[in-house]
Amino acid sequence: MLGNTHFPKKESPADLQNNDDEKELPASEKSLLQKIVRTGLVTSKHDIEVQRRDPKSPLYSVKSFELLKLHPSLLKGVYEMGYNAPSKIQETALPLLLANPPQNLIAQSQSGTGKTAAFVLAMLSRVDPTLHYPQVICLSPTYELAIQTGEVAAKMSTFCANIKLRYAVRGEDVEKGSKLQEQIIVGTPGKVLDWVTKYKFLDPKKIKVFVLDEADIMVDTQGHQDQCFRIRKVLQESCQMMFFSATYTENVMRFANAIAPMSVIIRLKREEETLDNIRQYYVTCNTKEDKYNSLVNIYGGVTIGQAMIFCQTKSMAQWLVTEMINQGHAVALLSGELTVQQRISVLDRFREGKEKVLVTTNVLSRGIDIEQVTIVINFDLPVTVSREPDYDTYLHRIGRTGRFGKKGIAINLVTGDGDFRILKQIEEHFCKPIECLNTDNADDMEKLGATD
DNA sequence: AAAAAAT
């Protein structure tokens with residue numbers, strides 16, 4: 001299974017002449033459907049690249065939600081949420097996700113491009129509301145992300161009275177021996193695995209759709225690979241797999257291919273685009289106390305919007321928050337050390353703007369969607385265990401700002417040669433300049449303030 | 001190193 005990653009060499013001429021996707025569509029709808037230009041197995045349209053192994057996979061993009069033939073109550077929910085037309089990734093992914101027979105999909109696109117809405121819509125469409133047992137499992141790497149996804153699903157299904165959702169996360173419990181009635185389970189890997197294999201609160205054979213959000217972290221060896229694999233193993237072979245992620249490594253791709261056979265792969269190209277509206281800076285510091293002072297200078301100089309400050313360890317985050325609070329600064333802390341109740345309340349306060357500055361760890365580096373965040377500060381640069389630059393985490397962290405094309409600022413605090421080397425590697429990797437900033441210099445600080 | 005499961 002694991003070795004089965006090869007692609008057929010090329011399509012036969014018969015396949016290339018086969019225009020069946022078009023035939024099934026009424027002429028009235030054709031003008032709104034854009035056929036994707038094919039070049040062998042890899043097809044591309046604008047900056048979207050599609051790879052498919054099954055020539056019968058639908059290959060068109062859809063320019064309006066009506067054309068997806070969604071249930072009217074679901075369509076109403078979509079519009080109620082303010083979505084008018086599908087985003088780029090949704091255009092291509094939705095026809096595939098909703099196709100019959102179901103297609104496995106591996107989709108890559110940057111943060112803020114509408115991934116969540118895409119798979120939530122697919123999840124809700126696949127559910128049979130008249131059946132009162134779980135039919136969909138959606139896994140997220142963190143508590144916060146699971147809740148955020150669940151909230152999107154709840155909103156979108158406002159008018160689908162009979163669709164119910166259940167969170168499988170820390171703090172949630174089910175009465176022993178009972179069976180879940182909700183059609184949709186949104187959760188984190190450990191809890192879901194427990195519920196499925198240990199307590200048998202749901203029958204994995206009845207799951208029709210399995211979603212992995214942030215799939216790259218989920219199937220990474222360092223991440224939740226083992227738990228995900230064990231959950232996948234008890235599902236039907238035919239269960240539809242939907243993997244969504246902002247970044248993919250080749251390793252992860254191999255794993256995803258193995259547990260999601262015959263997947264269609266969609267990539268939204270040009271990851272640099274994410275960085276185009278984010279201005280990146282660095283500040284040289286000698287010690288962590290020095291970093292602290294620079295931070296306070298920035299904090300005092302820029303009061304527009306909200307800021308997220310990332311530390312590499314929980315203890316560093318704790319130290320920083322304690323220092324800042326002792327000096328009278330209003331900051332909040334969110335890390336895995338907090339209880340789930342604390343985590344909810346801190347994130348809610350930050351969402352509502354009651355907290356302006358949030359100090360956190362990599363727990364919030366991915367997916368969290370807070371529009372008002374204009375500054376991301378890397379108090380510690382993101383590094384791997386072997387102290388190599390962690391490019392993916394860097395991209396995800398600074399991607400917390402500059403969402404949906406808005407402008408954002410990222411500031412990196414660096415100490416010593418080691419840090420500087422890592423910074424230079426990051427700069428080279430993304431081919432985007434990271435400017436030097438002197439927090440004692442008024443002109444420099446003005447640059448930050450000017451970006452409203 | 002962080003996160004995710006109780007224990």
Side-chain angles (χ1 to χ4, degrees), chain A residues 137-150 166-176 180 185-202 204 211-234 245-247 252 288 308-321 333-344 346-347 358-368 376 378-397 400 413 415 418-419 422:
Chain A
I137 292 178
C138 172
L139 293 184
S140 300
T142 65
Y143 176 85
E144 283 76 13
L145 219 45
I147 303 296
Q148 183 175 275
T149 302
R166 183 76 178 234
Y167 292 105
V169 295
R170 251 200 278 183
E172 289 290 322
D173 280 310
V174 179
E175 198 192 330
K176 293 268 155 61
L180 296 173
I185 306 297
V186 177
T188 41
K191 200 70 168 186
V192 171
L193 185 61
D194 253 15
W195 284 13
V196 172
T197 61
K198 192 170 164 195
Y199 298 112
K200 307 194 190 308
F201 293 140
L202 61 140
V211 181
L212 278 191
D213 192 11
E214 299 297 335
D216 50 352
I217 214 70
M218 300 297 273
V219 303
D220 190 83
T221 335
Q222 291 284 319
H224 310 99
Q225 190 192 77
D226 184 56
Q227 290 169 326
C228 291
F229 196 65
R230 284 162 64 191
I231 296 169
R232 201 280 172 250
K233 263 198 335 209
V234 296
S245 179
T247 49
V252 169
K288 74 173 176 187
M308 289 179 87
I309 302 171
F310 286 98
C311 298
Q312 195 65 6
T313 65
K314 290 185 274 193
S315 58
M316 184 64 91
Q318 181 65 65
W319 173 84
L320 180 59
V321 165
L333 169 72
L334 199 159
S335 79
E337 271 179 341
L338 305 191
T339 65
V340 286
Q341 288 83 359
Q342 288 171 318
R343 287 168 71 161
I344 293 179
V346 169
L347 197 60
L358 183 62
V359 176
T360 188
T361 60
N362 280 340
V363 66
L364 287 192
S365 64
R366 286 162 179 266
I368 292 300
V376 167
N378 285 321
F379 193 82
D380 300 309
L381 291 175
V383 289
T384 63
V385 219
S386 48
R387 283 206 56 85
E388 293 302 314
D390 184 346
Y391 303 113
D392 286 354
T393 301
Y394 184 84
L395 189 66
H396 276 111
R397 279 188 185 179
R400 294 312 97 213
L413 305 184
T415 52
D419 265 8
I422 291 165

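To find a chain, count down the sequence lines: A is the first, B the second, and so on, and within it residues start at 1.
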Could you give the distance from CD1 (A:I344) to OH (A:Y143), rounded to the nearest 0.5 Å? 3.0 Å
If you look at every strand shown and take non-hydrogen atoms under 4.0 Å, does A:R387 touch a base, only sugar-phosphate, or nothing? nothing
Does a sphere of radius 6.0 Å around CD in A:E175 hold more than 12 heavy atoms from other residues, nucleotides or ligands, not counting ones at 6.0 Å or beyond? no
Would you say A:T142 reaches B:dA2's phosphate, i.e. side-chain N/O to OP1/OP2 under 4.0 Å? no
What is the distance from atom CG of A:L139 to atom OG1 of A:T188, rounded to the nearest 0.5 Å? 8.0 Å
Would you kindly give the CG-to-C1' distance between A:N378 and B:dA1, to the nearest whole Å? 15 Å
Any base atoms under 4.0 Å from A:V385, or only sugar-phosphate, or nothing? Heavy atoms, all strands. base
Nucleotide B:dA5, atom C1' - distance to CG of A:L139 in whole Å: 14 Å
Would you check, one step at a time, whether the test salt bridge (Lys or Arg N to Asp or Glu O under 4.0 Å) holds for A:E214 with A:R366? CA-CA 8 Å; A:E214 299 297 335; A:R366 286 162 179 266; 3.0 Å; yes
Any side-chain N or O of A:K191 less than 4.0 Å from the OP1 or OP2 oxygen of B:dA6? yes
Which listed nucleotide (B:dA5, B:dA3, B:dA2) is nearest to the side chain of A:R343? B:dA3
A:Q312 has its side chain closest, among B:dA2, B:dA1, B:dA5, to B:dA1
A:D194 has an atom CG; how far is it from atom P of B:dT7, in whole Å? 9 Å
Using a heavy-atom cut-off of 4.0 Å across all strands, would you classify A:K198 as base, sugar-phosphate, or nothing? nothing
Whole-Å gap separating C1' (B:dA3) and CD (A:Q225): 15 Å
Fit a plane to each ring of A:W319 and A:F379, take the angle between them on a 0 to 90° scale, and name the class: parallel (under 30°), tilted (30 to 60°) or perpendicular (over 60°). tilted
Whole angstroms only, please: what is the OH-P distance between A:Y143 and B:dA6? 12 Å
If I take atom NZ in residue A:K176 and atom P in nucleotide B:dA6, what distance separates them, rounded to the nearest angstrom? 11 Å
It should be established whether A:T188 places a side-chain nitrogen or oxygen under 4.0 Å from OP1 or OP2 of nucleotide B:dA5. yes
Check every strand shown and say whether A:T384 touches a base, only sugar-phosphate, or nothing at a heavy-atom separation below 4.0 Å. nothing
